[in-house]
Amino acid sequence: MTDRYLSVARLGVHELEIKRSRFLCALAPVTSEEAAREFIAARRRADPGARHHCHAFVLGPDGRIQRSSDDGEPAGTAGTPMLEVLRRRELTDTVAVVTRYFGGVLLGAGGLIRAYGQSVSETAEVVGVLEHRRLGLVEVAVSYDRAGRLENDLRASRYLLHATRFDEQARFEIGLAPGESETFTSWLADLTNGEATTTELGDHWITTP
């Protein structure tokens, strides 16, 4: 079971021109095959005059679902290199659609492979990447007179401060990686003189930029 995966940060479109052919790559975060195929269909509708709408997507924290299509390009020259870029960059829950407008100059198999792969790679740089980590969430409750220092120390520590809320006490949700619980408990006790209380909230996927 994986404890970490990456996905694109947002929907974005980037254009690349090679020998007068235009390659418009759209990347988007998705969490299901249905959503991926809806996005692919939307890109077809957005550019109905294009000759090809090649795609690739990877789904699931472990990247178990992988699909690609050359959409009329020579076999293995479009969808496969697009999928390879997603795999090489360890991107999942991500769909890529490259729309090509033919410019009149044949690129050859090698040229197409490079162009489709480069389109996805450059677009991933443009839209950015998010990291998703499976962490054990712990809620820490302290009195308000200790809250300021605890929050500052948490932000400066290696532990992930996921959320804060304030009611009768100050409460902080902390994300702990596997094996950190005992060390964190000791660190917290020293910092708060044993006055903080903790509640385990179970494992959750936490997203970080």
Side-chain angles (χ1 to χ4, degrees), residues 1-14 16 23-47 52-73 75-100 112-138 158-163 173-181 200-209:
M1 181 175 61
T2 184
D3 291 319
R4 171 187 175 275
Y5 70 93
L6 304 175
S7 72
V8 292
R10 60 179 177 85
L11 187 158
V13 180
H14 175 69
L16 181 69
F23 295 83
L24 283 74
C25 178
L27 287 178
V30 290
T31 56
S32 69
E33 187 160 351
E34 179 183 9
R37 296 202 179 279
E38 287 177 355
F39 183 75
I40 295 163
R43 293 304 302 165
R44 287 184 182 278
R45 292 192 298 270
D47 290 286
H52 305 285
H53 300 275
C54 307
H55 71 258
F57 59 85
V58 182
L59 299 173
D62 56 0
R64 183 174 302 177
I65 299 174
Q66 301 183 5
R67 305 281 189 269
S68 66
S69 169
D70 297 313
D71 194 39
E73 293 281 31
T77 63
T80 298
M82 292 168 62
L83 184 61
E84 181 57 32
V85 171
L86 296 180
R87 288 194 295 230
R88 187 171 66 246
R89 288 177 170 263
E90 299 181 344
L91 291 171
T92 187
D93 281 0
T94 297
V95 57
V97 181
V98 176
T99 297
R100 181 192 180 197
L112 288 173
I113 289 170
R114 288 189 294 273
Y116 279 100
Q118 184 180 347
S119 293
V120 176
S121 184
E122 287 190 6
T123 307
E125 293 291 337
V126 170
V127 303
V129 171
L130 294 177
E131 181 182 44
H132 310 269
R133 299 169 62 196
R134 188 195 300 271
L135 299 175
L137 277 186
V138 175
R158 70 175 186 267
Y159 307 115
L160 177 66
L161 177 57
H162 176 57
E173 287 186 9
I174 315 301
L176 302 178
E180 283 189 333
S181 179
E200 293 187 3
L201 304 178
D203 289 348
H204 295 266
W205 283 107
I206 306 299
T207 300
T208 59

Taking all atoms of both residues into account, what is the closest heavy-atom pair of [X] and [Y], and its distance?
| X | Y | answer |
| --- | --- | --- |
| L91 | V8 | CD2-N, 4.0 Å |
| V120 | A96 | CG2-CB, 4.2 Å |
| A177 | R133 | CB-NH2, 4.0 Å |
| R134 | T2 | NE-O, 3.6 Å |
| A78 | C54 | CB-SG, 3.5 Å |
| G76 | P81 | O-CD, 3.5 Å |

Open item on the list: Whether the side chain of D93 engages the backbone of L59 through a donor-acceptor N/O pair (distance < 3.5 Å, no angle test) should be reported.
Closed with: no

TODO: Look only at the side chain of T94 and the backbone of T92, and say whether a donor-acceptor pair between them is shorter than 3.5 Å.
DONE: yes

Distance-only donor-acceptor pairs under 3.5 Å for side chains of residues 26-34, two or more places apart:
unit_1	atom_1	unit_2	atom_2	d
S32	OG	A35	N	3.1
E33	OE2	R37	NE	3.3
E33	OE2	R37	NH2	3.2

- [ ] Taking ring pair (Phe, Tyr, Trp, His ring centres under 6.0 Å) as the test, write out the residues that go with Y116, two or more places apart.
- [x] F23

- [ ] State which residues pass ring pair (Phe, Tyr, Trp, His ring centres under 6.0 Å) with Y5; sequence neighbours excluded, sorted by chain then number.
- [x]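 H132, W205.
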
Quick one: [atom1] on [X] to [atom2] on [Y], what's the gap to the nearest 0.5 Å?
| X | Y | atom1 | atom2 | result |
| --- | --- | --- | --- | --- |
| D70 | H55 | CG | NE2 | 9.5 Å |
| L161 | E173 | CG | CD | 9.0 Å |
| L86 | F57 | CG | CZ | 11.0 Å |
| T99 | D71 | OG1 | CG | 9.0 Å |
| H53 | R43 | NE2 | CZ | 8.5 Å |
| T123 | M82 | OG1 | CE | 9.0 Å |

TODO: Might you work through the side-chain contact (heavy atoms from CB on, under 4.5 Å) test for R89 and S121, ending with a clear yes or no?
DONE: CA-CA 9 Å; R89 288 177 170 263; S121 184; 3.0 Å; yes

Open item on the list: Does any part of the side chain of H204, heavy atoms only, come nearer than 4.5 Å to the side chain of H162, both counted from C-beta?
Closed with: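 No, every pair of side-chain atoms sits at 4.5 Å or beyond.
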
TODO: Evaluate side-chain contact (heavy atoms from CB on, under 4.5 Å) for H14 paired with V98, printing each intermediate quantity in order.
DONE: CA-CA 9 Å; H14 175 69; V98 176; over 6 Å; no

[X]: what forms a salt bridge (Lys or Arg N to Asp or Glu O under 4.0 Å) with it, not counting sequence neighbours?
| X | result |
| --- | --- |
| E90 | R4 |
| R64 | D62 |
| E84 | R87 |

TODO: Please step through side-chain contact (heavy atoms from CB on, under 4.5 Å) for the pair I113 and T77, ending with a clear verdict.
DONE: CA-CA 5 Å; I113 289 170; T77 63; 4.1 Å; yes

Task: Candidates L176, I174, L135, L137 - the one meeting side-chain contact (heavy atoms from CB on, under 4.5 Å) with L160 - done: L135

